[in-house]
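Heads up: the structure comes next, in structure tokens.
Order of listing sets the numbers, starting from 1, for every ligand and every atom in it. Just so you know, these numbers use all the heavy atoms, side chains as well, and skip hydrogens, waters and symmetry mates.
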Amino acid sequence: MDYKAYIAEKIKANVDMDLEEIMELIEIPPKADMGDYAFPCFKLAKVFRKAPNSIAEELKTKINSEGLERIENLGPYLNFFLDKSVVAKEIIEKVLKEGDKYGSDTTGNGKKVVVEYSSPNIAKPFHIGHLSTTVIGHSLYKILNFEGYDVVRINHLGDWGTQFGKLISAYKRWGNEEALHSEPINELLRIYVKFHEEAEKDSSLDDEARMHFKKLEDGCEEETALWDRFRSLSLKEFSKVYNMLGVDFDYYTGESFYNDKMDAIIDDIDKKGLLEESNGARVVMLDKYNMPPCLVKKSDGATIYATRDLAAATYRKKTYDFYKNIYVVGTPQALHFKQIFKTLELMGNEWAKDCVHVGFGLVKFQDRSLSTRKGEVLFLEDLLNQAVAKTLEVINEKNPDLEDKEDVAKKIGIGAVVFAYLKNNRERDIIFDWKDMLNFDGETGPYVQYTYARGKSILRKLGYGGEKIDYSKLNSKEEFELIKLLGAFKDAIESAIDKYEPSIITRYVLEVAKAFNKFYNSYSIANCEDEETKNARLKMVEATCDVVKNALDLIGVNVVEKM
Ligand code: ARG
């Protein structure tokens, strides 16, 4: 039930105001002991020609309080207290009935949403910066899917560009077949670094690389075969990380996919009269919009990153007829996307307004001891493995006899990293710190997962409370706070979609876990006053577990039954 609307109706019966206006005025009081909803009477002062305080006093006696616990007036405010047992029954029964569907909806109505995320660069390590786009995008997919959108997941791999000329050249000179086989990314990185070192001394290497890239663009057999190999070896490495995270894609249409689709775009830009020359290059001028020009063709005729994005957006519109086209890419590329979206708009595409750049901040280290395998780059795979190993240490210390320790450590360790990445507003930089992340008592993944496992263990021990439940037994402040939070899952989801912000779900589930633990630390379930109280509390525990599980799933974190 929409309690706010229910209260608004009651107010409406006594004042001459639209329901909508009343709804807008109703607030949630800052403190729980001030009621569940409050209505300020300032606006009524003119109509009633009375002070707001006396209006509140008068309305309090007039408004029908049936179905509510009580109405109070505090200064110029009317405070409404919901009937706790009615609310508890309604919310808990709804959660338990809907189970893993609780919070889901059909509001998306099958509308197509393209979400592009991860998009690492081939032949380069998958580093910790790429984890942000991967987990934010994956979570947005989960959330949108849960609300009934039809999501197309795209990995726009960085699999084309002049660097492949360098790699081919380097491989032909110094490549080690065996190493490429056993540790492909390391080997590709090694020869790439070597190429740059050698090219400093001998600039003819750059010409050689350009020649190989030209041959690659022309489809020459040897170059194409090498490129193809680098690409599939990289993808195989990346998929290890994706598997660990449970992340998936519908298409791996990377930059190379648009090679044959760019002439048409450039022609189109030209036909629309937007193409201009600047120092031999072809650009779209955007100075009217306070932006530097969007470069579509370099002076040597090569197409570039931006051109591929123009082609990609156009292809996606044609292929998926999207309602929204979302790019989860770091905030440093904000200007690039502004230029792309503006250029698409100038080309007459009214759908340019449906393209959204979802940016995010940087990842910084707190702990310098985070070991790196090779020099500067920290491999994401290593980082996730470290998280799992550290979690296993904790388990071995705290609960050495736990079943399936390895599996539990995986879910908690990886969950901890994902949770830390999605905890704060995505625009904010992330300070990476093991201690914070794996703290079982902090605002962490393990803390929330532990709450779930604790709930499950209570249910295993004490049962599920049976059929006949007296919800009026759930009458403490702590219980009511928790139950109201369980009822607010939907609001959190809606606002997460609205702002493209998974952290709203992360924050929400943290609040639920905190509210549960506050209850759990103040009241006993096993040794209750009476059997009815115990049964009602067990239902509440079960509903809490359901909500925590659904919410964690939306941010891509698994639960464990025991830990
Ligand atoms: N591969 C790029 C990088 O790692 C990100 C690609 C972003 N997506 C796009 N459509 N431009 O920086």
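Contact atoms of ligand 1 toward F337: 9 (C), 11 (N) (distance under 4.0 Å to a heavy atom of the residue). Close approach to H130 involves these atoms of ligand 1, each under 4.0 Å from a residue heavy atom: 4 (O). Of all the atoms in ligand 1, the ones that sit under 4.0 Å from a non-hydrogen atom of Y327 are 10 (N). With ligand atoms numbered from 1 in the order given, ligand 1 contributes 9 (C), 10 (N), 11 (N) to contacts under 4.0 Å with heavy atoms of D309.
The protein non-hydrogen atom at the shortest distance from atom 8 (N) of ligand 1 is E116 OE2, 2.7 Å. The nearest heavy-atom contact from the protein to atom 6 (C) of ligand 1 is Y305 OH, 3.3 Å. Scanning the protein heavy atoms around atom 12 (O) of ligand 1, the nearest turns out to be Q333 NE2, 3.2 Å. Atom 1 (N) of ligand 1 has as its closest protein heavy atom N121 OD1, 2.7 Å.
When non-hydrogen atoms are compared, ligand 1 lies under 4.0 Å from neither the backbone nor the side chain of Y117. Neither the backbone nor the side chain of R308 has a heavy atom within less than 4.0 Å of ligand 1.
Less than 6.0 angstrom separates the ring centroid of Y327 from the ring centroid of F341.
Salt-bridge annotation for D267 and K271: absent, with no side-chain N of the basic residue lying under 4.0 Å from a carboxylate O of the acidic one. For K214 and D218, the salt-bridge test passes: some basic side-chain N is under 4.0 Å from an acidic carboxylate O. In summary, D407 and K410 do not engage in a salt bridge, as defined by a charged side-chain N under 4.0 Å from a carboxylate O.
Y258 and D309 share no side-chain donor-acceptor pair at under 3.5 Å. Checking N259 against R308 by side-chain atom types alone, a donor-acceptor pair falls below 3.5 Å.
Legend: residues meeting salt bridge (Lys or Arg N to Asp or Glu O under 4.0 Å) with K353, ordered by chain and number and at least two apart, are E350.
A donor-acceptor pair under 3.5 Å links the side-chain atoms of Y102 to the main chain of L486, judged by distance alone.
Within the structure, the closest approach of E255 to ligand 1 does not fall below 4.0 Å when heavy atoms are considered.
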